[in-house]
Amino acid sequence: MTANAKPAGANDRVVIFDTTLRDGEQCPGASMTFEEKLEVAALLDEMGVDVIEAGFPIASIGDFESVAEIARRAKNATIAGLARAIPGDIARCGEAVRHARRGRIHTFVSTSPIHLEHQMRKSQEEVLEIIAATVTQARNLVEDVEWSAMDATRTPLDYLARCVEMAIKCGATTINLPDTVGYATPDEYRTMFRTMREKVPNADKAIFSVHCHNDLGLAVANSLAGLEGGARQIECTINGIGERAGNAALEEVVMALSVRRDVLPYQSSVNTRALTRASKLVSAVTSFPVQYNKAIVGRNAFAHESGIHQDGMLKHNETYEIMTPESVGVTKTSLVMGKHSGRAAFRDKLKTLGYELGENALNDAFSRFKDLADRKKVVYDEDIEALVDQEIAVSHDRIKLLSLSVIAGTHGPQRATMRLSVDGEVKTEEAEGNGPVDATFNAIKALVPHQAKLDLYQVHAVTEGTDAQAEVSVRLEENGKVVTARAANPDTLVASAQAYITALNKLQMKRQSVNAQSAVG
Ligand SMILES: CC(=O)SCCNC(=O)CCNC(=O)[C@H](O)C(C)(C)COP(=O)(O)OP(=O)(O)OC[C@H]1O[C@@H](n2cnc3c(N)ncnc32)[C@H](O)[C@@H]1OP(=O)(O)O
Ligand SMILES: CC(C)C(=O)C(=O)O
Ligand SMILES: [Mg+2]
């Protein structure tokens, strides 16, 4: 028996068996190259996974070679290979895992009536003989043999018990009872393990293992129920990838054990801080994106957008988080600024961006932020900076933009209607132009007559997407005096008008300071 193979129930240590490289790779589109498999295996080994199922050696030469190489390189983990209940599969698997410091042959055969009749086309008695022969063969090759009853959860318990007894008698050190088709409920799965451990005379000679598929979204719940039934090995995959709807997600299982130690008193040796790194690596090598709201490793798992939650988080992080982001390798909680955010988070965000606004300025900036968030899916830090910079500039201005509407399109001329406040007086003008920007600038010229020449007009997107803020830069020149101004808004024309008006305000301030200097002189 290996270090990992202690009798079920002897302690509360749970063996974490990762099958990302075998069952995970079985899902359509998830195949990994030799080098990618080595990289994933190295990380799993480093993070404390007990058993790495590295592949199915009979499946291909590539699979054989990657299992053998992972076996050579593994420092701590047991390396397992999968084999059907066929002598050739078992021999090939034995060849691949013999390079490991601890190698395991994992052999499986169907036990359910539906599989026996339609897939194996064998009787129950024939399958019992196959179990005896193949487990014995495997045990003659390695010390550590896992036997699985494929489709265990649709197998009559009496027959399953006979199979388990036979596998243990022939030397299996781990007995895996998979929910191959993701059919079981937690209560049924718990009962199956309890029954096996009570009924099978030599049950205490092996570790029992869970292997759950997620067809009904119950894979993690079933895995934990299996522990309550006496299992002490969990088979799982990073990001829950695997056949069809996938396997139980390793990160979810491990964090459930860590966070709910009070009701799940079982220990795993996985370094939880490596979970995010592992998730990102597997996602990158398989090109399978991780859904945003995925437990533990989804990008929203530690992100809060709603004002009430953000306010709570700023007061005490346990108000809305049951584990720290650091505990799974995420640097910090993120308070995402959006239309559901409140003043507390906005104030905190401004502080991190280096702004200290008085209460009135803050309220003004906040209402402009809400207005922006209503129009924009994601509000980035740069959006907020642009918005506050403008707020500060506008508060000193003589000319203020009150409203702008522009008619543009294929049937010119383009027409802009603008309302400005100039030294407190409200003025309106309608102007035409060669394009919407020209019409907008003509309206400004009509409302605030000036000699300044437009030296530069530039537009770029502050952030990504079609709803990104446009940042407009305008440079005006008047009698050798040059001013530049910038403004940002999701509407390019509004940003253009604001930038032009800010430049005019700056020019006005320059004129005043020159006049003041000549008066002093
Ligand atoms: C629940 C699971 O995840 S099981 C693992 C599933 N994973 C895979 O199948 C991935 C790798 N598989 C492969 O590369 C191929 O299927 C191979 C190399 C294993 C076999 O390829 P082939 O010899 O061409 O067989 P094929 O895949 O068409 O059919 C499977 C055969 O294995 C038999 N079989 C299935 N499971 C077992 C088993 N546990 N023990 C013995 N025989 C089995 C089937 O009855 C079928 O036999 P038949 O051809 O006599 O009817
Ligand atoms: C091969 C076995 C363990 C399996 O993957 C399953 O039954 O789901
Ligand atoms: Mg499976």
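Index from 1, following the sequence. Each ligand, and each atom within it, is numbered from 1 in the order the structure gives.
- With respect to atom 18 (C) of ligand 1, the closest heavy atom belonging to the protein is Ala59 CA, 4.0 Å.
- Regarding atom 7 (O) of ligand 2, its nearest protein heavy-atom neighbour is Thr180 OG1, 2.7 Å.
- Of all heavy-atom pairs spanning Ala184 and Asn222, the tightest one is O-ND2, 3.0 Å.
- Asp12 and Gln267 share no donor-acceptor pair across their side chains, judged by distance under 3.5 Å alone.
- Within a 6.0 Å sphere centred on CG of Leu157, other residues, nucleotides and ligands contribute more than 12 heavy atoms.
- Atom OH of Tyr183 has 12 or fewer heavy atoms from other residues, nucleotides or ligands within 6.0 Å.
- Under 4.0 angstrom from ligand 1, there are no non-hydrogen atoms of Arg121.
- Using a 4.0 Å cut-off between a side-chain N of Lys or Arg and a carboxylate O of Asp or Glu, Lys294 and Glu252 qualify as a salt bridge.
- Within the 4.0 Å heavy-atom cutoff, Arg22 counts among the residues contacting ligand 2.
- At least one N or O atom of His211, backbone or side chain, sits closer than 3.5 Å to an N or O atom of ligand 2.
- Residue-to-ligand polar distances keep Met120 apart from ligand 1: every N/O pair is separated by 3.5 Å or more.
- In His211, the N, O or S atom that comes nearest to the Mg ion (ligand 3) is NE2.
- Remark: Arg101 CZ is loosely packed, at most 12 non-hydrogen atoms of other residues, nucleotides or ligands lying under 6.0 Å away.
- Remark: atom 46 (C) of ligand 1 lies closer than 4.0 Å to no protein heavy atom.
- Under the 4.5 Å side-chain criterion, counting only non-hydrogen atoms from C-beta, Val328 is in contact with Phe302.
- In this structure, Asp45 does not pair ionically with Lys75, as no charged nitrogen and carboxylate oxygen lie closer than 4.0 Å.
- Only side-chain heavy atoms of Asn176 come within less than 4.0 Å of ligand 2; its backbone N, CA, C and O stay farther off.
- Taking all heavy atoms of Glu243, Met150, Arg84 into account, the minimum distance to atom 19 (C) of ligand 1 is reached by Arg84.
- When NE2 of His213 and OD2 of Asp23 are joined through the Mg ion (ligand 3), the resulting angle is 100° to the nearest 10°.
- Ligand 2 has His106 within reach: a non-hydrogen atom of the residue lies less than 4.0 Å from it.
- Here the heavy atom of the protein found nearest to atom 40 (N) of ligand 1 is Ala85 N, 3.0 Å.
- Among Lys122, Gln119, His213, His118, the residue whose heavy atom lies closest to atom 44 (C) of ligand 1 is Gln119.
- Distances from atom 3 (O) of ligand 1 to the protein include at least one heavy-atom value under 4.0 Å.
- Looking at Phe56 against ligand 1, only its side chain comes within 4.0 Å, counting heavy atoms.
- Backbone and side-chain nitrogen or oxygen atoms of Asp23 are examined, and one is located within less than 3.5 angstrom of a nitrogen or oxygen of ligand 2.
- Considering both main-chain and side-chain atoms, Ser148 never comes within under 3.5 Å of ligand 2 through any nitrogen or oxygen pair.
- Checked by atom type, the side-chain pair Asn300/Asn293 shows no donor-acceptor distance below 3.5 Å.
- With respect to the salt-bridge test (charged N to carboxylate O, under 4.0 angstrom), the residues Asp50 and Arg13 qualify.
- Few gaps surround CG on Leu353; more than 12 heavy atoms of other groups in view lie less than 6.0 Å from it.
- Residue Gln26 has at least one N or O atom closer than 3.5 Å to an N or O atom of ligand 1.
- Taking 4.0 Å as the cut-off between side-chain N and carboxylate O, Glu165 and Lys199 do not count as a salt-bridged pair.
- Nearest protein neighbour of atom 39 (N) of ligand 1, counting heavy atoms only, is Phe108 O, 2.7 Å.
- In this structure, atom 14 (O) of ligand 1 is in close contact with the protein, since a protein heavy atom lies within 4.0 Å of it.
- Less than 4.0 angstrom separates atom 7 (N) of ligand 1 from at least one non-hydrogen atom of the protein.
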